[in-house]
Number of protein chains: 2
Amino acid sequence: MKEKLKEHIDKLIPLTDDEFAFVLSHFKFDKYNKNDFLIQQGEDVDYCYYVVTGLLKLIYMDQGGKQHIVSFAMEDWWESDFSAYFTQSKAKMSLQCIENTVVFSIGLSDYQKLSTELPKMERFFLQKSNLGHIASQNRIISFLTSSANERYEQLLKQYPTLFQRVSKTLLASYLGVSRETLSRLSS
Amino acid sequence: MKEKLKEHIDKLIPLTDDEFAFVLSHFKFDKYNKNDFLIQQGEDVDYCYYVVTGLLKLIYMDQGGKQHIVSFAMEDWWESDFSAYFTQSKAKMSLQCIENTVVFSIGLSDYQKLSTELPKMERFFLQKSNLGHIASQNRIISFLTSSANERYEQLLKQYPTLFQRVSKTLLASYLGVSRETLSRLSS
DNA sequence: TTAAAATTGTGATGTTTGTCACACTAAAAC
DNA sequence: GTTTTAGTGTGACAAACATCACAATTTTAA
């Protein structure tokens with residue numbers, strides 16, 4: 001488990017074993033079961049999570065009570081309600097397990113302490129944040145330029161494994177179309 | 001002009017005058033005219049821009065030649081094709097002036113040098129990147145949960161000044177609807 | 001194992017939105 | 001000042017999509 005995190009960080013910023021031991025001391029290790037909540041809309045957001053194994057969904061519930069998938073978080077992904085996490089405010093989204101999931105969790109004070117004390121990690125977090133920003137922007141472009149059918153094909157191409165792991169209903173909620181429409185798409 | 005940039009950074013990370021002078025030495029100062037391109041799709045992306053005054057549009061052109069507004073960049077905004085900028089690849093988007101615009105520009109090597117040599121600035125860039133990521137995610141939520149009409153009202157509420165500065169055609173392109181549909185929205 | 005719950009496909013129908021067309025206005029260029 | 005260009009509103013029609021309903025299947029839980 002530790003090795004996965006180390007290899008993940010090393011891909012961007014190689015660390016010595018001592019440095020990684022220091023990094024690891026800022027995290028806690030947790031296991032959650034399917035359907036468990038890591039973050040509940042309306043509550044505090046104490047942690048940012050690195051997914052070792054399993055699958056999470058980041059969901060936003062609108063006024064009508066309808067759920068929308070803002071993001072899936074698979075192996076090697078970092079996820080949280082970042083807005084609430086960084087500003088120490090109440091969650092606007094929930095983070096819930098689609099499968100049994102194993103994570104490393106880091107609190108905001110540890111995140112900041114680690115960033116300050118080990119510049120390599122601040123660099124790592126900066127690069128991760130930039131990549132997250134770029135990924136979100138690509139999803140926006142997908143909404144601007146593509147029909148539901150095209151967005152579906154793009155998703156299928158980008159994350160082929162997702163289709164064996166999540167229901168069509170959830171995929172539809174991620175794509176921003178109704179379950180029935182997704183069911184009728186050609187491809 | 002320099003003062004605007006200093007105040008902007010100071011809001012997140014206060015700098016001494018010496019530190020700011022060091023920061024400033026990594027930027028160049030440029031003026032562009034309406035319709036000028038700062039970034040052209042398909043070409044190299046040498047700079048990331050801080051907008052002092054003026055207004056930019058970040059546009060993505062699809063296969064059919066239709067333009068989509070990924071983002072407006074107003075005063076105090078940082079903008080680039082970040083994906084191409086950070087990976088030193090060709091631009092997938094263009095950045096063009098809607099109004100005469102004044103910017104500070106920073107090349108990637110200066111960005112990295114500045115981050116390394118002045119940890120405060122790495123912290124600043126990290127916070128900015130996180131905020132950018134959060135803003136993009138909010139736009140995704142807006143696409144998932146809201147009709148064209150609701151997205152229009154949200155935009156009107158968030159950036160009321162935009163409506164005196166850009167054409168309805170551009171607003172429609174930002175909202176992801178046709179010009180005609182936007183023209184027919186109630187509100 | 002059996003009952004309950006969740007998942008999926010599909011028809012019918014109405015709403016929303018895109019596309020094409022044209023007229024009108026305002027601004028910019030000559 | 002006149003011509004060109006860009007921006008805007010609106011009608012008519014077609015395509016995309018949402019919603020409601022129901023049946024069939026699979027998964028989960030007792």
Side-chain angles (χ1 to χ4, degrees), chain A residues 32-37 54-55 57 59-69 72 96-101 140-156 161-187, chain B residues 33-37 55 57 59-69 72 94 96-100 140-156 161-187:
Chain A
Y32 293 90
N33 292 318
K34 185 173 176 175
N35 295 326
D36 284 355
F37 283 90
L55 183 58
K57 57 180 176 180
I59 51 189
Y60 177 85
M61 187 182 288
D62 64 26
Q63 295 91 337
K66 198 184 288 181
Q67 295 197 349
H68 305 269
I69 305 253
F72 292 109
Q96 189 179 15
C97 294
I98 294 176
E99 305 170 354
N100 295 344
T101 299
I140 290 171
I141 292 175
S142 175
F143 275 112
L144 287 174
T145 62
S146 306
S147 66
N149 205 336
E150 291 164 332
R151 293 205 299 280
Y152 178 73
E153 287 172 26
Q154 289 165 14
L155 183 64
L156 203 140
T161 64
L162 215 53
F163 293 78
Q164 290 102 46
R165 298 174 73 179
V166 312
S167 70
K168 300 283 174 70
T169 306
L170 286 182
L171 285 181
S173 167
Y174 178 89
L175 292 170
V177 295
S178 70
R179 179 186 71 75
E180 294 90 335
T181 296
L182 178 62
S183 169
R184 281 184 259 256
L185 293 184
S186 53
S187 184
Chain B
N33 293 316
K34 185 173 174 175
N35 295 326
D36 283 355
F37 283 90
L55 183 59
K57 58 180 176 180
I59 51 189
Y60 177 86
M61 187 181 290
D62 64 25
Q63 295 92 337
K66 198 184 289 182
Q67 294 197 347
H68 305 269
I69 307 254
F72 292 110
S94 299
Q96 189 179 14
C97 294
I98 295 176
E99 304 171 354
N100 295 343
I140 290 171
I141 291 175
S142 174
F143 274 113
L144 288 174
T145 63
S146 306
S147 66
N149 206 335
E150 291 165 331
R151 293 205 300 281
Y152 178 72
E153 288 173 26
Q154 289 164 15
L155 183 64
L156 203 140
T161 64
L162 215 54
F163 294 78
Q164 289 102 46
R165 300 173 71 179
V166 314
S167 70
K168 301 282 174 70
T169 306
L170 286 183
L171 285 181
S173 167
Y174 177 88
L175 292 170
V177 296
S178 71
R179 181 187 71 74
E180 294 90 336
T181 296
L182 179 62
S183 170
R184 282 185 257 255
L185 292 184
S186 54
S187 182

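Side chains included, hydrogens not; waters and symmetry mates left out as well; all remaining heavy atoms used. Sequence lines set the chain letters: A, B, ... in the order given, protein chains first and strands last, and positions in each chain run from 1.
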Notebook entry, point to check: Looking only at side-chain N and O atoms, does A:Thr169 come under 4.0 Å of OP1 or OP2 in C:dT8?
Noted result: yes
Notebook entry, point to check: Out of curiosity, A:Thr161 OG1 to A:Leu55 CG, how far, rounded to the nearest 0.5 Å?
Noted result: 8.5 Å
Next item on the list: Nearest whole angstrom, please: distance from the P of D:dG7 to the NZ of B:Lys168.
Entry: 13 Å
Item checked: Rounded distance in Å - CD (A:Gln164) to C1' (C:dT7) -> 17 Å
Check: Can you list the steps and then say if B:Tyr152 with B:Tyr174 is a ring pair (Phe, Tyr, Trp, His ring centres under 6.0 Å)?
Finding: CA-CA 10 Å; B:Tyr152 178 72; B:Tyr174 177 88; over 10 Å; no
Check: For the atom pair CE (A:Met61) and OG1 (B:Thr145), what is the distance rounded to the nearest 0.5 Å?
Finding: 13.0 Å
Checklist line | Residue mapping more 5' on DNA chain D - nearest nucleotide basis, A:Asn35 or B:Val166 | finding: B:Val166
Check: Which heavy atom in A:Cys97 sits nearest to a heavy atom in A:Asn33, and how many Å separate them?
Finding: CB-O, 3.4 Å
Item checked: Protein-nucleotide distance (A:Asn33, atom CG; D:dA29, atom P), rounded to Å -> 11 Å
Checklist line | Sequence-aligned protein contact record of nucleotides 10-21 of chain D, with B where the base is within under 4.0 Å of a protein heavy atom and S where only the sugar-phosphate is | finding: BBB----SBBBB
Next item on the list: Report the distance from atom CG of B:Leu175 to atom C1' of C:dG18, rounded to the nearest whole Å.
Entry: 15 Å
Checklist line | Reported CG-to-OG distance for the pair A:Leu182 and A:Ser167, which is rounded to 0.5 angstrom | finding: 9.5 Å
Checklist line | Terminal helix-axis angle for the helix from C:dT1-D:dA30 to C:dC30-D:dG1, with five pairs defining each axis and rounding to 10 degrees | finding: 60°
Next item on the list: List the protein contact pattern of nucleotides 23-30 of chain C with one symbol per nucleotide (5' to 3'): B for base contact, S for sugar-phosphate-only contact, - for none; contact means a heavy-atom distance under 4.0 Å.
Entry: --------
Margin query: Strictly by salt bridge (charged side-chain N to carboxylate O under 4.0 Å, His left out), give each pair with a member in residues 165-175 of chain B just once, sequence neighbours left out.
Written below: B:Glu75-B:Arg165, B:Glu99-B:Arg165
Checklist line | Side chain proximity check, A:Ile141 to B:His68, heavy atoms < 4.5 angstrom | finding: no
Check: How would you list, by chain and number, every residue that makes a ring pair (Phe, Tyr, Trp, His ring centres under 6.0 Å) with B:Tyr60, sequence neighbours excluded?
Finding: none
Check: Just checking, any donor-acceptor pair under 3.5 angstrom between side chains of A:Ser173 and A:Gln67?
Finding: no
Next item on the list: Please list, chain by chain and in numerical order, all residues satisfying side chain to side chain donor-acceptor pair (under 3.5 Å) with A:Thr169, sequence neighbours excluded.
Entry: none
